[in-house]
Structures are given as structure tokens and as C-alpha cells.
Amino acid sequence: MADVQERRPEVAVSEQRGHDVFVSYSRADRDAVVRLTEGLASKGKRAWVDLEDIPPSAEWMAEIRAAIEAANGYLVVVSPDLARSKVCTEELEHARSAGKRIVPVLVRPTDPESVPGSLAALNWIDATDGSTDAEVERVVQALDTDLEH
């Protein structure tokens, strides 16, 4: 892993548990992810997000799974690149099996038929215009809402 001290603390990969949300995304959407996670941090939400290239290995995926399990929610940044990502699909399925609240945020137009059915069935937050304030507020509301009641 890259040195955590080189990154902004609000968007760093962290070994600590108990984040408000795990962020799943394609590297092609890094700029949108930084805007979203900085916006979440300004609202007091801690995001677990990997912003550096980490070589895929069994240990790496175990760390990802543990971070998903420890987070309160799961934010998926939807784009055509995410739709093609096998790793992102694996993360999504792990979040589903762990019973996480899944909050999809659309950052680039994406055919719902190109993503797993479990993701296509959810109501997506549209952030395709590039602004983030309203979208961040909607993410916070989604994370804080108990749909069971």
C-alpha cells in the first residue's frame, strides 16, 4: 500500500474500522470520487476509499471485504467503467451478502442493463452534472435513513 501520510486524511485508505461508508468505484471516476468523499467529510461522514493503485492479491481483497463489513453503508459510484469491473461487481455482491445499505451515485450516463440486477433495481442519485452539494446531501440522507421503519 502507498504511504497514507501522502494523502488527504478524509479520503485516505485507512486500516481503522467503523467508517460511515465504503466507496466502490472505477479508477476512471477518481475525480468524482474525490469530490464526493470531500463533500461527505464536510458533513461529518467518514469514507473508506482506495485512491491509490493497490496490486490485487488475496490479502488485498480480504482487506477490502473487511472494510465493507466494518462500514455502515456502501456507496457505489456508477459509470460505464464500473459496470465493466469484475472487482467492483465482487465488492457489490459482498456488500449485499453483508446486508449493507447500498447507495448508488451515477457520475456518468450508464445503461442500467450493463450493471448487476441488484444495482439496477435501486434508485440512483444522479450526479452527472458534476456538482456535488445536492448529491452529497442526498447520500447523507440515504445513509442516515432507516428504511425498515
Side-chain angles (χ1 to χ4, degrees), residues 1-41 43-128 132 135-136 138-140 142-148:
M1 285 189 179
D3 183 8
V4 173
Q5 294 176 342
E6 294 176 355
R7 299 183 231 149
R8 291 181 294 242
E10 70 272 15
V11 295
V13 172
S14 174
E15 300 301 324
Q16 298 174 5
R17 300 290 182 242
H19 286 81
D20 296 297
V21 66
F22 177 96
V23 181
S24 179
Y25 72 103
S26 163
R27 295 271 188 239
D29 301 310
R30 185 183 193 284
D31 291 344
V33 169
V34 169
R35 284 191 306 273
L36 283 168
T37 55
E38 287 176 345
L40 288 170
K43 302 288 185 185
K45 296 293 183 187
R46 292 182 57 214
W48 194 106
V49 59
D50 152 31
L51 291 174
E52 301 296 325
D53 288 328
I54 299 173
S57 70
E59 291 176 8
W60 173 77
M61 188 49 80
E63 181 65 22
I64 294 292
R65 287 186 190 111
I68 290 169
E69 292 165 12
N72 296 333
Y74 180 86
L75 175 68
V76 58
V77 179
V78 183
S79 72
D81 291 291
L82 177 117
R84 290 186 291 272
S85 170
K86 291 179 182 180
V87 171
C88 290
T89 297
E90 186 177 338
E91 291 173 358
L92 174 65
E93 292 311 311
H94 190 74
R96 285 188 66 237
S97 69
K100 297 300 171 179
R101 163 83 45 86
I102 298 171
V103 180
V105 176
L106 180 68
V107 296
R108 289 188 286 137
T110 305
D111 182 354
E113 292 184 18
S114 69
V115 300
S118 60
L119 181 57
L122 298 174
N123 189 21
W124 298 357
I125 296 170
D126 187 346
T128 56
T132 56
E135 291 78 10
V136 166
R138 290 185 67 201
V139 169
V140 169
L143 292 171
D144 289 346
T145 300
D146 183 0
L147 294 177
E148 298 297 318

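No experiment lies behind these values; they were computed from the predicted model shown. We number each residue from 1, following the sequence as shown. Note: hydrogens, waters and symmetry copies are ignored here, and every other heavy atom, side chains too, is used.
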Checklist line | Between Ser79 and Asp81: side-chain donor-acceptor atoms closer than 3.5 Å | finding: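 No pair is found: no donor N or O on one side chain lies under 3.5 Å from an acceptor on the other.
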
Margin query: Does Arg108, at its CZ atom, have more than 12 non-hydrogen atoms belonging to other residues, nucleotides or ligands within less than 6.0 Å?
Written below: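 Enclosed: over 12 neighbouring heavy atoms sit under 6.0 Å from CZ of Arg108.
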
Which pair of heavy atoms, one from [X] and one from [Y], lies closest together, and at what distance?
| X | Y | answer |
| --- | --- | --- |
| Val21 | Leu40 | CG1-CD1, 4.1 Å |
| Pro104 | Leu122 | CG-CB, 3.8 Å |
| Leu143 | Asp20 | CD2-O, 4.5 Å |
| Arg30 | Tyr25 | CA-CE1, 4.1 Å |
| Ala47 | Val23 | CB-CG2, 4.0 Å |

Hey, are the side chains of [X] and [Y] touching, using non-hydrogen atoms and a 4.5 Å cut-off?
| X | Y | result |
| --- | --- | --- |
| Leu106 | Ile125 | no |
| Ile102 | Arg96 | yes |
| Thr145 | Arg101 | yes |
| Val136 | Leu36 | yes |
| Leu82 | Leu119 | yes |
| Trp48 | Ile64 | yes |

Does the [X] side chain pair with the main chain of [Y], one donor and one acceptor, at a distance under 3.5 Å?
| X | Y | result |
| --- | --- | --- |
| Thr128 | Asp126 | no |
| Lys100 | Ala71 | yes |
| Tyr74 | Leu92 | yes |

Check: Which residue, His94, Glu90, Glu91, forms the side-chain hydrogen bond (donor to acceptor under 3.5 Å, both in side chains) with Ser24?
Finding: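 Testing each of His94, Glu90, Glu91 against Ser24, the sole residue satisfying side-chain hydrogen bond (donor to acceptor under 3.5 Å, both in side chains) is Glu91.
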
To the nearest 0.5 Å, what is the distance between [atom1] on [X] and [atom2] on [Y]?
| X | Y | atom1 | atom2 | value |
| --- | --- | --- | --- | --- |
| Arg46 | Asn72 | CZ | CG | 10.0 Å |
| Arg65 | Trp60 | CZ | CH2 | 9.5 Å |
| Arg84 | Ser114 | CZ | OG | 8.0 Å |

Margin query: As a quick check of understanding, evaluate side-chain contact (heavy atoms from CB on, under 4.5 Å) for Trp124 and Val115, giving each step before the final call.
Written below: CA-CA 12 Å; Trp124 298 357; Val115 300; 3.9 Å; yes

Margin query: What verdict does the side-chain contact (heavy atoms from CB on, under 4.5 Å) test give for Met61 and Val87, after you've listed the backbone C-alpha separation in whole Å, the side-chain angles of each residue and the deciding distance to 0.1 Å?
Written below: CA-CA 9 Å; Met61 188 49 80; Val87 171; 3.8 Å; yes

Checklist line | From CA spacing to verdict: side-chain contact (heavy atoms from CB on, under 4.5 Å), Val105, Val78 | finding: CA-CA 6 Å; Val105 176; Val78 183; over 6 Å; no

Checklist line | Lys/Arg-Asp/Glu bridge criterion (N-O < 4.0 Å) met for Arg27, Asp50 | finding: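 Yes.
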
Item checked: Trace of the salt bridge (charged side-chain N to carboxylate O under 4.0 Å, His left out) decision for Arg35 with Asp29 -> CA-CA 10 Å; Arg35 284 191 306 273; Asp29 301 310; over 6 Å; no

